[in-house]
2 protein chains.
Amino acid sequence: MIDSADMPISAQDARRFKSGQRIHDAGAEGPAWRVSSGVVRFHLIDESGSEPLFAGLAVGGEIVGVEALLFGRYSYRATALTDCELSPWPGGATTERDSLLHALTLAEHRAARVVALRSGQAIERIRRLIRLLLPQASAVARAELPPLRDIAEITALTAETVSRTLSGLRRQKVIEPEQPRCGRGHKSCLVALDLLAAA
Amino acid sequence: MIDSADMPISAQDARRFKSGQRIHDAGAEGPAWRVSSGVVRFHLIDESGSEPLFAGLAVGGEIVGVEALLFGRYSYRATALTDCELSPWPGGATTERDSLLHALTLAEHRAARVVALRSGQAIERIRRLIRLLLPQASAVARAELPPLRDIAEITALTAETVSRTLSGLRRQKVIEPEQPRCGRGHKSCLVALDLLAAA
DNA sequence: CGAGCGATTGAACCAGGTCAAACGGGGTGG
DNA sequence: CCACCCCGTTTGACCTGGTTCAATCGCTCG
């Protein structure tokens with residue numbers, strides 16, 4: 001009612017997270033969320049105290065944290081891979097049944113997506129990930145890349161390999177430097193899609 | 001009514017598929033299914049005519065082919081990785097809402113599972129896959145492995161590497177030979193779990 | 001300015017890929 | 001019944017893409 005004029009439906013209590021920010025932690029309580037934009041990354045917290053394992057990605061439209069609706073607690077840690085916006089789910093006006101089925105359909109694609117990000121040579125994996133990070137569709141687009149160690153974790157490569165691969169892409173003018181080196185605030189180079197189609 | 005005496009609830013029209021058998025094809029019409037036992041493998045049929053790409057696995061309890069409920073057609077090809085049993089979904093007595101939420105929760109784990117199968121060294125991947133193929137829980141268990149090329153595809157290795165790795169495991173008595181070499185009917189070696197815990 | 005952290009770059013190494021050959025069992029046809 | 005073929009598996013030799021280890025750079029923040 002109050003401020004929902006130009007927002008997507010039922011986004012009144014949307015929450016925004018900046019790249020790298022924690023969304024929820026494994027074992028914590030909270031609602032399920034619908035991703036309205038951006039990319040969310042999941043971690044499986046290993047019981048044996050070792051560091052969290054990459055466990056998946058969710059993109060716009062998908063639901064995260066459903067298990068909390070059934071069991072009361074999240075199973076995974078979720079962090080924002082890119083800046084993103086989430087709203088509590090289910091929410092608003094959609095028919096619940098269709099909403100659920102749609103969510104389930106999207107969830108089926110999640111596995112295929114991460115598989116693709118770990119298939120083929122380093123350069124193919126990274127191109128696919130960059131594509132995923134770009135705002136959909138548009139033939140030429142820009143996006144800010146996450147820290148190399150995150151890219152490495154998702155693609156099952158090392159940060160060094162990612163760096164070398166990105167350098168190659170930069171040399172071929174597939175992506176633009178724009179911030180070649182980084183300091184504390186993790187921001188990496190921007191990307192131009194152009195040639196990326198040939199993945 | 002004829003043969004449903006000792007079957008699980010709502011499994012009247014369960015269908016059994018033998019390892020390697022096609023369950024449904026991308027673009028075909030049909031119901032969604034619930035996997036009651038066994039492991040189902042998905043393929044994404046590449047539009048450009050190349051061979052199908054591995055796109056995920058579903059295990060007991062999960063729902064496959066939901067997209068057909070919304071769009072009328074399957075998005076993936078599904079084949080039986082192990083002998084398995086499916087029944088049309090939704091079916092029977094469960095509260096539909098809970099059933100959907102549960103399905104959605106399981107779907108969230110699918111991505112984590114395939115990621116794990118493509119993480120770490122060859123031997124770890126294969127151990128994880130074997131674990132997945134074994135009937136749950138039981139400390140010592142047996143299962144028949146799929147053809148090496150299937151294992152290779154799932155773990156993002158080559159059939160040669162899989163063969164060498166399995167030979168190693170056989171040498172270490174982690175798995176048992178039982179059918180070391182194979183002919184036309186693809187049946188591979190059987191497995192004993194015992195040492196598999198140390199994955 | 002100095003510390004800290006991520007990115008970059010180089011050099012050596014190795015796990016796994018690639019190519020090729022041989023094997024073995026089941027199925028098929030004679 | 002036997003010979004042959006097909007196909008998945010096994011094994012070897014070699015090669016390479018990516019990892020590992022380590023040094024350096026650059027930016028940001030204190």
Side-chain angles (χ1 to χ4, degrees), chain A residues 18-21 51 54 79 81-82 117-130 144-172 175-191, chain B residues 18-21 41 51 54 79 81-82 117-130 144-172 174-191:
Chain A
K18 295 216 318 181
S19 154
Q21 208 176 336
E51 82 272 16
F54 172 67
T79 57
L81 182 63
T82 66
L117 291 172
R118 288 168 164 240
S119 295
Q121 311 253 105
I123 191 170
E124 305 170 45
R125 301 187 194 185
I126 290 180
R127 289 178 101 119
R128 279 191 277 261
L129 178 57
I130 293 177
E144 191 172 287
L145 297 186
L148 297 200
R149 69 174 270 177
D150 291 348
I151 299 180
E153 164 179 71
I154 294 168
T155 53
L157 299 168
T158 59
E160 292 94 329
T161 300
V162 174
S163 173
R164 285 184 248 264
T165 305
L166 289 178
S167 298
L169 291 175
R170 252 181 249 119
R171 225 173 294 121
Q172 303 172 216
I175 62 178
E176 301 182 351
E178 189 74 28
Q179 209 97 31
R181 295 165 173 284
C182 314
R184 190 168 313 220
H186 56 69
K187 54 184 58 177
S188 198
C189 53
L190 298 181
V191 186
Chain B
K18 295 215 319 182
S19 155
Q21 207 176 337
R41 174 178 44 149
E51 82 272 17
F54 172 67
T79 58
L81 182 64
T82 66
L117 290 172
R118 287 167 165 242
S119 294
Q121 312 254 104
I123 190 169
E124 305 170 45
R125 302 186 193 185
I126 290 179
R127 290 178 101 117
R128 279 191 278 260
L129 178 57
I130 292 178
E144 193 172 285
L145 296 186
L148 298 200
R149 69 175 270 177
D150 290 349
I151 300 180
E153 165 179 69
I154 294 168
T155 54
L157 298 168
T158 59
E160 292 95 329
T161 299
V162 174
S163 173
R164 285 184 248 265
T165 305
L166 288 178
S167 298
L169 290 175
R170 253 181 248 119
R171 226 173 292 120
Q172 303 172 216
V174 179
I175 62 179
E176 300 181 353
E178 187 74 26
Q179 210 95 30
R181 295 167 172 284
C182 315
R184 190 165 318 220
H186 57 69
K187 54 185 56 176
S188 199
C189 53
L190 298 182
V191 185

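Nothing here was measured: the structure is a model prediction, and the numbers come from that model. Quick note on labels: first sequence line is chain A, next is B, and so on, each numbered from 1.
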Would you name the heavy atoms of [X] and [Y] that are closest together and state the gap between them?
{"X": "A:Gly20", "Y": "A:Thr79", "value": "O-CB, 4.5 Å"}
{"X": "B:Thr155", "Y": "B:Arg125", "value": "O-NH1, 2.7 Å"}
{"X": "A:Thr161", "Y": "A:Ala122", "value": "CG2-CB, 4.0 Å"}

Without decimals, in angstroms, what is the distance between [X] [atom1] and [N] [atom2]?
{"X": "B:Ile126", "N": "C:dA15", "atom1": "CD1", "atom2": "C1'", "result": "13 Å"}
{"X": "B:Leu148", "N": "C:dT18", "atom1": "CG", "atom2": "P", "result": "16 Å"}
{"X": "B:Glu153", "N": "D:dT9", "atom1": "CD", "atom2": "P", "result": "13 Å"}
{"X": "A:Arg149", "N": "C:dT8", "atom1": "CZ", "atom2": "C1'", "result": "17 Å"}

Within the structure, does a side-chain N or O atom of A:Ser167 lie under 4.0 Å from either OP1 or OP2 of C:dT9?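 So the side chain of A:Ser167 is within the cut-off, an N or O lying under 4.0 Å from OP1 or OP2 of C:dT9.
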Quick one: is C:dT8 close enough that its OP1 or OP2 comes under 4.0 Å of any side-chain N or O from A:Arg170?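 Checking C:dT8 against A:Arg170, a side-chain N or O does come within under 4.0 Å of OP1 or OP2.
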Contact between [X] and [Y] at the side-chain level, heavy atoms closer than 4.5 Å - yes or no?
{"X": "B:Ile151", "Y": "B:Leu148", "result": "yes"}
{"X": "A:Leu166", "Y": "A:Ile130", "result": "yes"}
{"X": "A:Leu145", "Y": "A:Ile126", "result": "no"}

Look for any protein N or O under 3.5 Å of an N or O in nucleotides 16-20 of chain D and output each such pair with its distance, or none.
from   : atom 1 : to       : atom 2 : distance (Å)
D:dG18 : OP1    : A:Ala122 : N      : 2.7
D:dT19 : OP1    : A:Thr158 : N      : 3.4
D:dT19 : OP2    : A:Thr158 : N      : 3.3
D:dT19 : OP2    : A:Thr158 : OG1    : 3.0
D:dT19 : OP2    : A:Thr161 : OG1    : 2.2
D:dT20 : O4     : A:Arg164 : NH2    : 2.8

May I ask you to decide if B:Ser163's main-chain N or O and B:Ser167's side chain share a donor-acceptor pair within less than 3.5 Å?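 A pair under 3.5 Å: yes.
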Roughly how bent is the helix from C:dC1-D:dG30 to C:dG30-D:dC1 end to end, in steps of 10 degrees, with each end axis from five pairs?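 Answer rounded to 10°: the end axes differ by 40°.
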Decide side-chain hydrogen bond (donor to acceptor under 3.5 Å, both in side chains) for A:Ser119 and B:Arg118; before the verdict, give the C-alpha distance in whole Å, the side-chain angles of both, and the deciding distance to 0.1 Å. CA-CA 9 Å; A:Ser119 295; B:Arg118 287 167 165 242; 2.7 Å; yes
